[in-house]
Amino acid sequence: MEQVFFRETADLYCARFHHLAEIGIVKEMSFDIDSKDFDDKYRNHDIRDAEPFKQMFTQLSEVDELPCLYRWEITSPYNADAIKETLSQLPKYTPRILKKAIAKDNTLYVGKVQAHIVGRVIQHLGYHLNQASHGLQLNDWAKPMNLTLKLHIIVLPYDVIPVEEIFETELARKYEPLIGIH
């Protein structure tokens, strides 16, 4: 009985992978983010309307109902030890586990959402109304380090959700992010 279950499940997932291989991803997007644009005044306003971020959120809102993989890349010089020390001082809701001293391709973090990429990016920027939300909270630490970042988004078809975690894990293996557990 269990053998049939495993066979049927494997066949289902194989079919999903083949379907995704045939249709491909929906869209790729990248956004440059300069920590100089972070400002605490945005905590009292909707960050989506802030001029430095408005265009990014407009584009993200067009795919907000779809699953996405994303990768935060550091595009400026950085000190991994300084990032580690800074993150260790932040509340427990910030991802703090560093995998290595230097990330492959300067990748800070890899993640996924089944929907609502807009809300997840707001959390990572550090402007979510619920400050206890898990996320990078970049507003709290990236500005003093003068970091510039690039947010890479891969928009996936809706039917990939059951296997999305596998793609996130493989993306993390490819880029070996500085922080996060995969």
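For the single chain, residues carry numbers from 1 onward in sequence order.
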Tell me every residue that passes salt bridge (Lys or Arg N to Asp or Glu O under 4.0 Å) with D11, counting only those two or more places apart in sequence or in another chain. R7

Crowded around F17 CZ? As in, over 12 foreign heavy atoms under 6.0 Å? yes

If you round to the nearest 0.5 Å, how far is CD1 of I153 from OG of S30? 8.0 Å

Go through the structure and list residues passing salt bridge (Lys or Arg N to Asp or Glu O under 4.0 Å) with E170, not counting sequence neighbours. R173

Residues in side chain to side chain donor-acceptor pair (under 3.5 Å) with T86, at least two apart? none

Y78 and L178, any side-chain heavy atoms less than 4.5 Å apart: yes

Do you know which two heavy atoms are closest between G24 and P157, and how far apart they sit? O-CG, 3.6 Å

Would you please name every residue forming a side chain to side chain donor-acceptor pair (under 3.5 Å) with D159, sequence neighbours left out? H19

With a cut-off of 3.5 Å and sequence neighbours excluded, list every side-chain donor-acceptor pair involving residues 61-75.
| residue | atom | partner | partner atom | Å |
| --- | --- | --- | --- | --- |
| S61 | OG | F57 | O | 3.4 |
| S61 | OG | T58 | O | 2.7 |
| D64 | OD1 | I117 | N | 2.9 |
| D64 | OD1 | V118 | N | 2.9 |
| Y70 | OH | R120 | NE | 3.1 |
| Y70 | OH | H124 | NE2 | 2.8 |
| R71 | NH1 | T107 | OG1 | 2.9 |
| R71 | NH2 | H152 | NE2 | 3.4 |
| E73 | OE1 | H152 | NE2 | 2.6 |
| T75 | OG1 | T148 | O | 3.1 |
| T75 | OG1 | T148 | OG1 | 2.8 |

Side chain proximity check, Q3 to F5, heavy atoms < 4.5 angstrom: no

Quick one: salt bridge (Lys or Arg N to Asp or Glu O under 4.0 Å) partners of R16, sequence neighbours excluded? none

Going by the rule side-chain contact (heavy atoms from CB on, under 4.5 Å), which residues pair with A82 if we only count those two or more places apart in sequence or in a different chain? N79, M145

Within a reach of under 6.0 Å around CD of E165, are more than 12 heavy atoms found that belong to other residues, nucleotides or ligands? no

Tell me every residue that passes side chain to side chain donor-acceptor pair (under 3.5 Å) with D32, counting only those two or more places apart in sequence or in another chain. K150

If you round to the nearest 0.5 Å, how far is CD1 of I154 from CG of L171? 5.0 Å

Please name all residues satisfying side chain to side chain donor-acceptor pair (under 3.5 Å) with E85, sequence neighbours left out, ordered by chain then number. Q89

Under the ring pair (Phe, Tyr, Trp, His ring centres under 6.0 Å) test, which residues partner F53, sequence neighbours left out? none

For D34, all residues meeting salt bridge (Lys or Arg N to Asp or Glu O under 4.0 Å), sequence neighbours excluded: none

Just to verify, what does P144 make a side-chain contact (heavy atoms from CB on, under 4.5 Å) with, not counting sequence neighbours? none

